Amino acid sequence: MNLLLICTVFLVKEILAASDSQHQSLVASSTEPTIAKRNKRDTFPSDVTTTIPQIYKMHVRSNVSNRFAHTDITSRVKNIATKPQEATFSIILPETAFISGFIMEVGGKNYTAYVKEKEEAKKHYDQAVARGLAAAHVAVSARDSNRFTVSVNIEPETKAAFYFSYEELLKREDGHYEHIINLHPGQPVKDLSVEVLISESRKIVDLRAPPLRSGNEIGGNKGDLDPRADLKIINHKTAIVKFNPSIERQKQLAHVLDTKENEGLAGQFVVQYDVERDPNGGEVLIQDGYFVHFFAPTELAPLPKHVVFVLDTSSSMYGQKIEQLKEAMHKILEQLHNNDLFSLVEFNTNVKVWDLNDAASSVWYPTGNENYNYRNEGDEVSFEGFEFPRTSLVNPDNIKKAKDTVSQLVATGGTDIHTALRVGLHLVELAKNQKIDEVNRQPIIVFLTDGEPTVRLRSTVEISNKISEYNVGSRRSPIFALSFGTGADRDFLQKLALRNSGFSKHIYDAADAALQLEDFYRQISSPLLANVTFKYEPMVTSLTKTEFPIHFGGSEIVISGWCGTNLIKPPVIDGWGVRGRLFLKPAVIERSVSNVERLWAYMQIKQLLEKKETADKDKEEIKKKALELALKYSFVTPVSSLVVVKPNATSAVDTQAATG
Ligand SMILES: *[C@@H]1O[C@H](CO)[C@@H](O)[C@H](O)[C@H]1NC(C)=O
Ligand SMILES: *[C@@H]1O[C@H](CO)[C@@H](O)[C@H](O)[C@H]1NC(C)=O
Ligand SMILES: *[C@@H]1O[C@H](CO)[C@@H](O)[C@H](O)[C@H]1NC(C)=O
Ligand SMILES: *[C@@H]1O[C@H](CO)[C@@H](O)[C@H](O)[C@H]1NC(C)=O
């Protein structure tokens, strides 16, 4: 009773200050980045280290079942001070994850958050944000992540607990799945443990816990960061990985990770593994009417390809960025396979198609020469009359010439994104018409920019529409877009890539940018199949995407749907490989697996949200469907929000991009 009274007094003050007294709930935004707000909040004082409530226990438990990971975090805090204090619970979670639950236990009572439609909750949210967050943030950032923060007041000598969960489908990249767990309690924790339980329907192979990462640099395989995790294969399909660093070890690791010892461990614990798989059609798993189909054929030779590099050399690339691009291109060029074709295009105010044999014969389009004056804005100049250099075949001699060419790149001028992409697609068509040999090569456009369009066509919507229109017939190519640094329009590039059968990747402007670029290229360096279509029997419904213009070695295609009690006929996979058209069938159909329905819901929502971004029409309809699923399965998504019933004196709940 006494405690409650103190609590109430505090509440009154809190509310007066906030003028938010009618609302008993606060809203966590979706996992959408809210960068502007972060800046505002970062100006709050960060003198939290004095007697902040102590986190005496933090347990992270992940269950990974058939690549679908459910992670639970429990954090217990105690206010050891003699006055009420604010405890901040801050979690970094992967960008691809959906939050699926949150409970605060304060004063012996549980406050359970629930998922609500975004618009409905928006009013509350704005008010919560307007109040700002008094609690300081732990200065941690991590790439491709979001941060969830909540602060709550706790009475002297009392405890509070936070229970948080999120779910995600692990993606296969470079031949393995990677499960990343961000740890940043902000202080050394007496009882800190991570436990990852993996259960797969096929044999687990290559299970590893690589060195801890800071979350901001990749590569740095410092031996000192070996988590010394405990890896246990229970039976060949089940494994447990445990990480249980003592306070001393947390401080040591903090030191190696360049954070202050008294701020504790701040880094990423990573678990990697792969599974033994069917070499051809993959596996189908069924549970309660839902099925999931994993496909990553292992015995296919890579398709020959034509890679068109379209690289931004506008003035904003000047300095470190262009040097990093050159460094990465040197490595990437070495990875091209013999008998692939490649083209080098740079763009700034105009677009230059390089002639590797004779730089002087390189062609500037549309001006015909290196001339910063340009014709009318938005003017599309016909390609007629332009003799573009022949596309180069990959051989040691040409790779050497290409490296010399890349070394000569100079950053200057504006950014004409539309013309650059048009030229890239045009080169694909030219190479097809050149008939260099009888080989049918898979075209791939690698497009890198660090800026927004500043020359000729500047509307990103129009650029996107025009490129989709132009990317057809013998020009048809997937476009892989790299947004380099903070000046690039990430959203636009993401949508552009999605609409053109590719994907995008953000390259963080940091010391390891060249490594990030190489890592990205590795993902698309081995196309194995083109025009892959999955055909299921007609009774199968609620399918996720079944058509894939291109499948890369090292990755995995996942399809999920509803098949009722059974699949009578196995699905057929139709695709084009090195030796022409082929049909594959999955070998295994397994039952008694778990999580398939949630995996299905997760994928449906993800794909609906992507569709909503790229669709020309029916956006509202698509959004409604995504929202329905998000509410039904309790996922916090860009169309739904997490509402936390406010214990008296909770200050705010928010998620935001965790990239620094
Ligand atoms: C993880 O799986 C184990 C065994 O199947 C189960 O006991 C446990 O409750 C699960 N935990 C979570 C967080 O789902
Ligand atoms: C609050 O919820 C957590 C997680 O579900 C549970 O472990 C705990 O016992 C609950 N506490 C109370 C007071 O109900
Ligand atoms: C894939 O399909 C497109 C159009 O349907 C076609 O132009 C292309 O040649 C096909 N690719 C392969 C490798 O068959
Ligand atoms: C908050 O405090 C008020 C008293 O001012 C009380 O009536 C109310 O039940 C409390 N709310 C919660 C969620 O504990």
Side-chain angles (χ1 to χ4, degrees), residues 1-8 10-11 24-28 31 53-65 68-80 84-93 97-116 147-168 181-185 189-197 240 242 244 594-595 597-598 601-602 630-636 640-655:
M1 237 20 232
N2 219 356
L3 271 181
L4 186 65
L5 265 179
I6 300 170
C7 180
T8 310
F10 201 81
L11 161 82
Q24 282 301 313
S25 60
L26 287 171
V27 179
T31 43
Q54 195 178 38
I55 303 175
Y56 60 96
K57 178 174 168 179
M58 185 163 193
H59 281 186
V60 182
R61 299 277 175 270
S62 268
N63 270 7
V64 185
S65 169
F68 193 68
H70 175 114
T71 302
D72 279 325
I73 297 167
T74 304
S75 173
R76 293 184 182 280
V77 296
K78 184 176 181 187
N79 180 9
I80 48 174
Q85 288 211 96
E86 197 164 55
T88 299
F89 173 72
S90 182
I91 283 296
I92 292 181
L93 65 154
F98 289 149
I99 296 170
S100 55
F102 179 61
I103 300 173
M104 273 190 287
E105 189 179 325
V106 183
K109 201 169 164 221
N110 268 359
Y111 300 87
T112 306
Y114 53 95
V115 178
K116 206 171 167 176
R147 188 206 310 270
F148 172 90
T149 304
V150 60
S151 298
V152 62
N153 266 293
I154 39 180
E155 296 308 311
E157 295 296 328
T158 59
K159 294 175 177 174
F162 303 96
Y163 307 92
F164 183 79
S165 54
Y166 62 85
E167 290 167 47
E168 77 202 290
I181 291 165
N182 289 282
L183 293 168
H184 61 113
V189 177
K190 193 166 151 222
D191 178 4
L192 176 68
S193 82
V194 179
E195 199 175 300
V196 179
L197 172 67
I240 294 188
K242 288 183 185 167
N244 205 344
S594 59
N595 269 342
E597 183 174 351
R598 284 193 79 76
Y602 171 94
L631 295 180
K632 177 166 179 206
Y633 291 92
S634 242
F635 283 133
V636 180
S640 54
S641 288
L642 191 67
V643 177
V644 183
V645 175
K646 187 173 67 171
N648 287 331
T650 301
S651 59
V653 185
D654 190 13
T655 54

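In each ligand, atom 1 is the first atom listed, and ligand 1 is the first ligand listed. Being a predicted model, the structure only gives us computed values, none of them experimental.
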Looking at F635, I'd like to know if the NZ or CZ of R598 sits under 6.0 Å from its six-membered ring centre while staying within 45 degrees of the ring's axis.
yes
List the closest protein heavy-atom neighbour of atom 14 (O) of ligand 2: residue, atom name, distance to the nearest 0.1 Å.
N110 ND2, 3.3 Å
Between N79 and E155, is there a donor-acceptor pair closer than 3.5 Å when you use the side chain of the first and the backbone of the second?
yes
When I91, L93, I92 are each screened for side-chain contact (heavy atoms from CB on, under 4.5 Å) with R147, the one that passes is I92
For atom 11 (N) of ligand 2, is the nearest protein heavy atom closer than 4.0 Å?
yes
Nearest protein heavy atom with distance in Å, relative to atom 5 (O) of ligand 2
I103 CD1, 3.8 Å
Write out the residue and atom name of the closest protein heavy atom to atom 13 (C) of ligand 2, then the distance separating them to 0.1 Å.
G108 O, 3.5 Å
Which class fits the ring pair F89 and F102: parallel under 30°, tilted 30 to 60°, perpendicular over 60°?
parallel
Report the residue from D191, V189, V194 that forms a side-chain contact (heavy atoms from CB on, under 4.5 Å) with M58.
V189
Atom 8 (C) of ligand 2 - nearest protein heavy atom and its distance
E105 OE1, 3.7 Å
